Trainee: 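Structure in structure tokens, see below.
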Amino acid sequence: MAIKSFGLLIDVTRCIGCGACSENCKEINDLPPEIDDKLTAETWTVVREKSDGLHVRDLCRHCVEPACVASCLVAALTKTEHGPVVYDKSVCIGCRYCMVACPFQVPCFEWHSPNPRIRKCILCEPRVLEGKSTGCAEACPTEATVFGERETLVEMARARIKADPDRYHNHIYGLDEVGGTAVMFLSPVPFEDLDFNTDLVNYPLSDITWKILRQVPTIVAVGGVFLGASYWLFKRRDEVKKADQAVESGPEKEADDV
Amino acid sequence: MFRSAVKLVTPWRAIMAAFLATGAVLVFFRFTRGLGSVTNLSDQTPWGMWVGFDILAGIGLAAGGFVMAAAVYVFNLKRYRPIVRMAILTALLGYIIFIVGLILEVGRPWNMWRVITNPNIHSPLYEVSLCVMAYTLVLILEFSQVFFEKFGWDRLMAVFHRLSVMLVILGALISTLHQSTLGTLFTIAPSKMYPLWYSPLLPVHFFLSCIAAGLGMVCFESFLSERFLKHPPRMDLLSRIARFMAVMLVVYFIFRIGDLAVRGVLGLAFTAGFAALLFWLENLLFAIFPIIMVFSRGLNIGRKALFVVSFSVVLGFIMHRFNVAITSFHLVEDAGYFPSWKEFVVTACLISAGFIAAGLAVRFLPVHGEETVKSKD
Ligand code: SF4
Ligand code: SF4
Ligand code: SF4
């Protein structure tokens with residue numbers, strides 16, 4: 001495909017926990033300046049301190065085949081061809097199924113608004129369309145967050161691990177998890193030590209639901225034939241022994257419909 | 001009839017009125033200050049009691065409507081005709097309550113029509129909403145015969161008779177999809193749910209369990225209608241229904257345990273802890289106890305026993321849906337959710353409204369009894 005699909009590479013070994021990414025995200029996306037300690041409707045990325053003094057960002061991973069997109073019944077969430085997973089409030093019904101479906105617990109809801117929206121990192125879609133980097137990558141002083149084409153980032157991550165195998169745990173988180181994500185991580189320690197979920201399947205979660213939904217026409221066809229045939233069969237049988245039936249079904253006279 | 005026996009103000013009515021008034025206030029807050037002002041939901045617990053009870057459990061318990069309709073019209077089990085209307089009424093009210101509940105539950109209900117213009121066929125929830133719309137329509141049509149009869153519109157009644165089997169088959173198909181797809185909803189979250197409740201076969205679990213639960217509800221409401229409306233239950237029919245329910249429970253229970261065993265997580269049910277406790281409590285109420293009771297007593301099962309059994313099934317079923325929708329998520333990552341009293345009150349309101357509507361329908365429409373047969377007393 002000619003269209004470039006972008007993403008982020010976040011290198012935990014380089015992150016100093018300054019929080020510049022969170023601050024710039026706030027500014028660029030017109031969010032109130034207070035930074036919450038977890039993802040909320042108004043904080044789209046946070047930096048958390050883990051043991052060993054490591055710092056890890058949390059944000060939407062912009063999955064290649066996102067569960068949130070598959071789950072949204074009105075397609076309010078969409079995966080754009082440039083990488084960002086974006087949201088359209090004009091069609092969203094606020095069912096919050098996307099929140100249930102997202103394996104990374106990313107989408108947040110405006111719980112105290114009478115006109116609530118789903119809010120989350122949008123990979124700075126407007127900027128990406130202008131050919132610019134994301135706000136968080138731009139603000140990062142140590143290049144712990146790098147913006148680029150996903151394919152290029154994967155190469156970069158592989159090269160880093162290869163060049164310095166002692167520095168890195170040999171895994172790119174997001175390469176295959178839930179079918180791959182546009183935001184990927186490198187870490188000096190195994191990812192479970194950073195409280196990442198390491199039990200995720202390596203195929204898109206929507207494969208599971210689609211496998212089931214695909215059966216719908218079959219179920220309708222088989223069920224329809226079964227019920228139709230049963231109706232015909234039982235009616236025939238009934239005609240044969242109608243007399244018995246009338247006695248058995250009580251004192252009321254039989255209605256001769258159906 | 002019973003009209004004369006009913007006083008204007010009874011304790012039950014007073015309680016219901018109080019609930020409804022409080023509920024109205026809460027609904028006002030919900031629409032002016034957001035869902036967070038009445039619920040304990042959070043970004044970590046996006047779905048709570050309203051989804052678990054009003055939607056999952058409510059829809060499941062309404063399954064009696066399509067099962068009884070199919071039994072009478074498709075499988076020609078005519079003896080159940082006296083209760084089929086009541087079952088359809090329950091289903092219809094269940095769905096109406098569900099739709100009202102949905103309007104309260106979703107954040108942006110004014111966009112609900114978008115389901116028609118912006119369909120995403122890859123979403124299980126899209127299928128659920130299509131089925132809700134279609135089945136509610138079918139139920140309205142099925143129930144309309146009662147109005148035709150009440151007002152003596154014979155021509156319409158005749159049209160209805162010609163279409164009834166088609167309608168019932170359609171309703172059964174939609175229900176099958178609908179009930180199972182409610183289970184499909186949760187299959188997308190394998191990493192977030194405790195393995196005793198997660199299964200890629202959740203749609204099958206949901207379908208099998210709703211049949212038993214729907215029948216349990218048919219029995220249960222017969223007793224309620226005796227208690228509140230002085231309408232004697234047809235024990236001869238109910239005991240047979242209970243027997244079929246028990247058979248379905250056996251099928252469900254074998255499937256449930258087998259599924260866990262095949263996926264190699266049955267051991268969790270025998271690991272001491274809260275999860276195993278919940279699992280066994282749920283299955284004791286929903287399956288084990290009712291199965292034993294019904295099969296040991298056979299068709300001679302008494303009123304009291306059947307009442308207890310049907311109550312147990314309904315309770316166990318609600319527990320299963322809660323465990324799938326809420327508890328299983330918390331067993332993986334505890335987000336500290338417990339429904340607020342306001343969530344309870346709104347739920348109680350919806351149920352009260354359902355009872356009031358059912359009571360009115362039974363009083364003024366020929367719901368008990370059969371087509372073409374006038375109300376007996
Ligand atoms: S991380 Fe969650 S919200 Fe972001 S794209 Fe993936 S599924 Fe959607
Ligand atoms: S809350 Fe909105 S964006 Fe999320 S699944 Fe529902 S309709 Fe889609
Ligand atoms: S990509 Fe943009 S929206 Fe997302 S965290 Fe970075 S700055 Fe915020």
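Throughout, protein chains are lettered first and strands after them, A, B, ... in sequence-line order, and every chain is numbered starting at 1. On a predicted model such as this, the values are computed, not experimentally measured, just so you know.
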Trainee: Where does A:Val201 contact chain B at under 4.5 Å (heavy atoms): side chain, backbone, both or neither?
Mentor: neither
Trainee: Under a 4.5 Å heavy-atom cut-off, does chain A meet the side chain of B:Ile116, its backbone, both or neither?
Mentor: neither
Trainee: Is a salt bridge present between B:Arg234 and B:Asp236, judged by a nitrogen-to-oxygen distance below 4.0 Å?
Mentor: yes
Trainee: Donor-acceptor pair, A:Trp210 side chain versus B:His122 backbone, under 3.5 Å?
Mentor: no
Trainee: In terms of heavy-atom pairs under 4.5 Å with chain B, which of A:Leu233, A:Val69, A:Val106, A:Ile208 leads?
Mentor: A:Ile208
Trainee: Given heavy-atom pairs under 4.5 angstrom as the criterion, report whether the side chain, backbone, both or neither of A:Ile212 touches chain B.
Mentor: side chain
Trainee: For the candidates A:Ala75, A:Gly223, A:Cys95, which exhibits the highest count of non-hydrogen atom pairs separated by less than 4.5 Å from chain B?
Mentor: A:Cys95
Trainee: Look at B:Arg33, B:Glu333, B:Arg30, B:Met166 and state which one has the largest set of heavy-atom pairs under 4.5 Å with chain A.
Mentor: B:Arg33
Trainee: Given side chains that start at C-beta, do those of B:Asp54 and B:Phe98 come closer than 4.5 Å, heavy atoms only?
Mentor: no
Trainee: Checking side-chain contact (heavy atoms from CB on, under 4.5 Å) for the pair A:Asp195/A:Lys50: CA distance, chi angles, key distance, verdict?
Mentor: CA-CA 8 Å; A:Asp195 303 325; A:Lys50 300 288 169 185; 3.0 Å; yes
Trainee: A:Lys211 versus chain B, heavy atoms under 4.5 Å apart: side chain, backbone, both or neither?
Mentor: neither
Trainee: Taking every non-hydrogen pair under 4.5 Å, which of A:Cys102, A:Pro103, A:Ala67, A:Cys72 racks up the most with chain B?
Mentor: A:Cys72
Trainee: Counting only non-hydrogen atoms closer than 4.5 Å, does B:Leu177 touch chain A with its backbone (N, CA, C, O), its side chain (CB onward), both, or neither?
Mentor: side chain
Trainee: Which bit of B:Glu127 comes within less than 4.5 Å of chain A, counting heavy atoms only: side chain, backbone, both or neither?
Mentor: side chain
Trainee: Do A:Leu186 and A:Ile172 pass the side-chain contact (heavy atoms from CB on, under 4.5 Å) test, and can you show the C-alpha distance, the side-chain angles, and the key distance before you say yes or no?
Mentor: CA-CA 6 Å; A:Leu186 284 177; A:Ile172 306 169; 4.1 Å; yes
Trainee: Hey, what's the ring geometry for B:Phe186 with B:Phe329, parallel, tilted or perpendicular (30° and 60° as the breaks)?
Mentor: perpendicular
Trainee: Heavy atoms, side chains only, cut-off 4.5 Å: are B:Lys342 and B:Thr39 in contact?
Mentor: no
Trainee: Under a 4.0 Å threshold between the charged nitrogen and the carboxylate oxygen, would A:Glu34 count as salt-bridged to A:Lys26?
Mentor: no
Trainee: Between B:Trp113 and chain A, with a heavy-atom cut-off of 4.5 Å, which part of the residue counts as in contact: side chain, backbone, both or neither?
Mentor: neither
Trainee: Name the member of A:Val100, A:Ile219, A:Leu205 that forms the most heavy-atom pairs with chain B at distances under 4.5 Å.
Mentor: A:Val100
Trainee: Whether B:Arg321 engages the ring of B:Phe206 as a cation-pi pair (distance to the six-membered ring centre under 6.0 angstrom, angle to the ring normal within 45°) should be assessed.
Mentor: yes
Trainee: Would you please classify the geometry between the A:His169 ring and the A:His171 ring as parallel, tilted or perpendicular, with 30° and 60° separating the classes?
Mentor: tilted
Trainee: Checking B:Ser129 against chain A: side chain, backbone, both or neither under 4.5 Å from a heavy atom?
Mentor: side chain
Trainee: Would you kindly check if the NZ (Lys) or CZ (Arg) of B:Arg108 is within the cone defined by 45 degrees around the ring axis of B:Phe31 and under 6.0 Å from the six-membered ring centre?
Mentor: no
Trainee: For A:Asp199, is it the side chain, the backbone, both or neither that has a heavy atom under 4.5 Å from a heavy atom of chain B?
Mentor: neither
Trainee: Taking every heavy-atom pair that is under 4.5 Å apart, which of B:Leu201, B:Leu170, B:Leu125 has the most such pairs with chain A?
Mentor: B:Leu125
Trainee: Run the salt-bridge test on A:Asp58 and A:Lys38 with the 4.0 Å N-O cut-off and return the result as yes or no.
Mentor: no
Trainee: Please look at A:Thr209 and chain B and tell me whether the side chain, the backbone, both or neither of the residue comes under 4.5 angstrom of a heavy atom of that chain.
Mentor: both
Trainee: Between B:Asn120 and A:Ser71 (side chain of the first, backbone of the second, donor and acceptor by atom type, cut-off under 3.5 Å), is there such a pair?
Mentor: no
Trainee: Shorter than 4.5 Å, heavy atoms on both sides: which option in A:Trp111, A:Phe109, A:Trp232 has the most such pairs with chain B?
Mentor: A:Trp111
Trainee: B:Thr181 versus chain A, heavy atoms under 4.5 Å apart: side chain, backbone, both or neither?
Mentor: side chain
Trainee: With a 4.5 angstrom heavy-atom cut-off, is it the side chain or the backbone of A:Asn115 that approaches chain B, or both, or neither?
Mentor: both
Trainee: At a heavy-atom separation under 4.5 Å, does B:Ile174 approach chain A through its side chain, its backbone, both, or neither?
Mentor: neither
Trainee: Between chain A and each of B:Ser191, B:Ala172, B:Ser42, count heavy-atom pairs under 4.5 Å; write down the option with the most.
Mentor: B:Ser42
Trainee: Just give me the residue among A:Gln215, A:His112, A:Gln105, A:Glu110 that pairs up with chain B most often, heavy atom to heavy atom, under 4.5 Å.
Mentor: A:His112
Trainee: Is the shortest side-chain heavy-atom distance between A:Ile122 and A:Tyr87 below 4.5 Å?
Mentor: no
Trainee: In terms of heavy-atom proximity below 4.5 Å to chain A, should B:Pro119 be classed as side chain, backbone, both, or neither?
Mentor: backbone
Trainee: Relative to chain A, which segment of B:Tyr80 carries a heavy atom at a distance below 4.5 Å: side chain, backbone, both, or neither?
Mentor: neither
Trainee: Assess the side chains of B:Ser199 and B:Asp259: does a donor N or O sit below 3.5 Å from an acceptor N or O?
Mentor: yes
Trainee: Using non-hydrogen atoms only, which part of A:Arg117 is less than 4.5 Å away from chain B: side chain, backbone, both, or neither?
Mentor: both
Trainee: Counting only heavy atoms closer than 4.5 Å, note whether A:Leu39 contacts chain B via side chain, backbone, both or neither.
Mentor: backbone
